[in-house]
There are 2 protein chains.
Amino acid sequence: MTRMGLTTERVTRAGAELADELGFDQVTPSVVARHFGVQVASLYSHVRNAQDLRVRVALLALEEMADRAAAALAGRAGRDALVALGTTYRDYAREHPGRYTAAQLRLDHATALASAGPRHAAMTRAILRGYQLTEPDQTHAVRLIGSVFHGYITQELGGSYDHSQPGPQESWERILDALDVLLRHWPHEGQP
Amino acid sequence: MTRMGLTTERVTRAGAELADELGFDQVTPSVVARHFGVQVASLYSHVRNAQDLRVRVALLALEEMADRAAAALAGRAGRDALVALGTTYRDYAREHPGRYTAAQLRLDHATALASAGPRHAAMTRAILRGYQLTEPDQTHAVRLIGSVFHGYITQELGGSYDHSQPGPQESWERILDALDVLLRHWPHEGQP
DNA sequence: GTCACTTCCTAAATGCGTTAGGCATATGCA
DNA sequence: TGCATATGCCTAACGCATTTAGGAAGTGAC
């Protein structure tokens, strides 16, 4: 009987593909084993357990998204950068819904620190260099941007915009416009 | 042997409580059965299967949130209404994290229509009556508000703000301020 | 070719979801 | 009050998933 040539990396990649096809919560040892035509127990040489498998898929997704985001951000600033970052995440989520979901998995503190998570945080902060914002407001703005991106993408992915007009692309563009305006005219403690 | 007096409603309520304690994905027939000190099979008289149980918890959460939101919105308009609605959702999520998660469960079209989902949509739309927005922009704004609320709450619940300053309450207030300003000065097709 | 290593296997324990069918308890009717 | 009926909860059993232990067979270095 010929070997399948499994490695931790191949198992993880398969997990990511299956997440996109079947949904992240369907990513289990048994599904991955079937995908390779292999006995379930064989996976446990490459992955500690089901949770470990899911965490690895999450880390892969975080890395992929960070790489794409970094490439998209290169040479851009201000509104361009904002649109580039948001659209990178959104496109990634539409291409790879399972991986995007995986990237939201709660990681323990140590794993989170070693992940691409901090790169994402840094990139959102970097965008704000194009806008004049000083410290407490900068953090508030980072959180707003993250909320809008993640909120919109989650709702779109979840089908919230499926049965209504106008299409999600149009709203996305107008929301980015609005966000840009807001960041350029960020209200100070007492708003106008 | 004395009876437990199970009903579909009691099972659903227990599911909701267990969701808050253990996480929504831990809400299964076996956990609920243990909670009542009852055999697993006994649940199947009250609930069709595991998915049905989860859907019922989701519907309960949607109703509870809609009721709270309606109460909070009564007699308020404009910025007050915006803050009241957002804070209702946020407080509910902090009090009942499992139920809030449940409320995000994807429902099939018919179930969604019969749920409290449409009430939530109507309430967000109602808030915009306090702002001067006409039709395509109104929908964009509804989606933005939903994205910010859900995005922020999800990230806060997921612990994204746990290890950084300033606290989530401060950011929340400033983000609501910013959102209010944005809705009052919504940029038209060509932004300033 | 042999040795060591690794990959993949079989076997088995445990637990969950689900269905089928049975006993016993609470409730409605005389 | 006594009985019939509906139903609340049970036991039993099946299939499938996760996980561990230990064994067999490919693979590569010498």
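These numbers come from a predicted model, not from an experiment. Letters go in sequence order (proteins before strands), and every chain restarts at 1. Computed from heavy atoms alone, side chains included, the values below leave out hydrogens, waters and symmetry copies.
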- Let me know the distance between CG of Asp52(B) and P of dT19(C), rounded to the nearest Å. 11 Å

- Query: Looking at Ser30(A), does any N or O in its side chain come under 4.0 Å of the phosphate oxygens OP1/OP2 on dC16(D)?
  - Reply: no

- Message: Applying a 4.0 Å non-hydrogen cut-off, can you work out what Ser42(A) is touching in the nucleic acid: base, sugar-phosphate, or nothing?
- Response: base

- Query: Does any non-hydrogen side-chain atom of Thr139(B) lie less than 4.5 Å from one of Gln165(A)?
  - Reply: no

- May I ask you to test the Tyr44(B)-Leu53(B) pair for a side-chain heavy-atom distance under 4.5 Å? no

- Query: Between dG15(C) atom C1' and Asn49(A) atom CG, what is the distance in whole Å?
  - Reply: 16 Å

- Message: From CZ of Arg54(B) over to C1' of dT18(C), roughly how many Å is that when rounded to an integer?
- Response: 13 Å

- Message: Measuring to OP1 and OP2 of dT6(C), would you say a side-chain N or O of Ser45(A) lies under 4.0 angstrom away?
- Response: no

- What nucleotide among dT20(D), dC8(C), dG17(C) has an atom nearest to a side-chain atom of Ala41(A)? dT20(D)

- Please determine, for the side chain of His46(B), which listed nucleotide (dC9(C), dA20(C), dG8(D)) has the closest atom? dG8(D)

- With a 4.5 Å limit on heavy-atom distance, are the side chains of Asp20(B) and Arg99(B) in contact? yes

- Note on the structure: When rounded to whole Å, the CZ to C1' distance for the pair Arg10(B) and dC9(D) reads 14 Å

- Which residue, His46(A), Arg56(A), His35(A), forms the side-chain contact (heavy atoms from CB on, under 4.5 Å) with Val11(A)? His46(A)

- Item | Integer-rounded Å distance: dT18(D) C1' and Arg34(A) CZ | 13 Å

- Message: Whole angstroms only, please: what is the CG-P distance between Asp25(A) and dT18(D)?
- Response: 12 Å

- Taking dC16(C), dG17(C), dC9(C) as options, the one with an atom nearest any side-chain atom of Tyr44(B) is dG17(C)

- Provide, to the nearest angstrom, the distance between the CD atom belonging to Gln51(A) and the C1' atom belonging to dT19(D). 15 Å

- Tell me, please, whether Tyr161(B) has Arg143(A) positioned over its six-membered ring: NZ or CZ under 6.0 Å from the ring centre and within 45 degrees of its axis? yes

- Query: So what does Thr28(A) hit on the nucleic acid, given a heavy-atom distance under 4.0 Å: a base, only sugar-phosphate, or nothing?
  - Reply: sugar-phosphate

- Query: Whole Å only: how far is the CG atom of Leu53(A) from the C1' atom of dT19(D)?
  - Reply: 14 Å

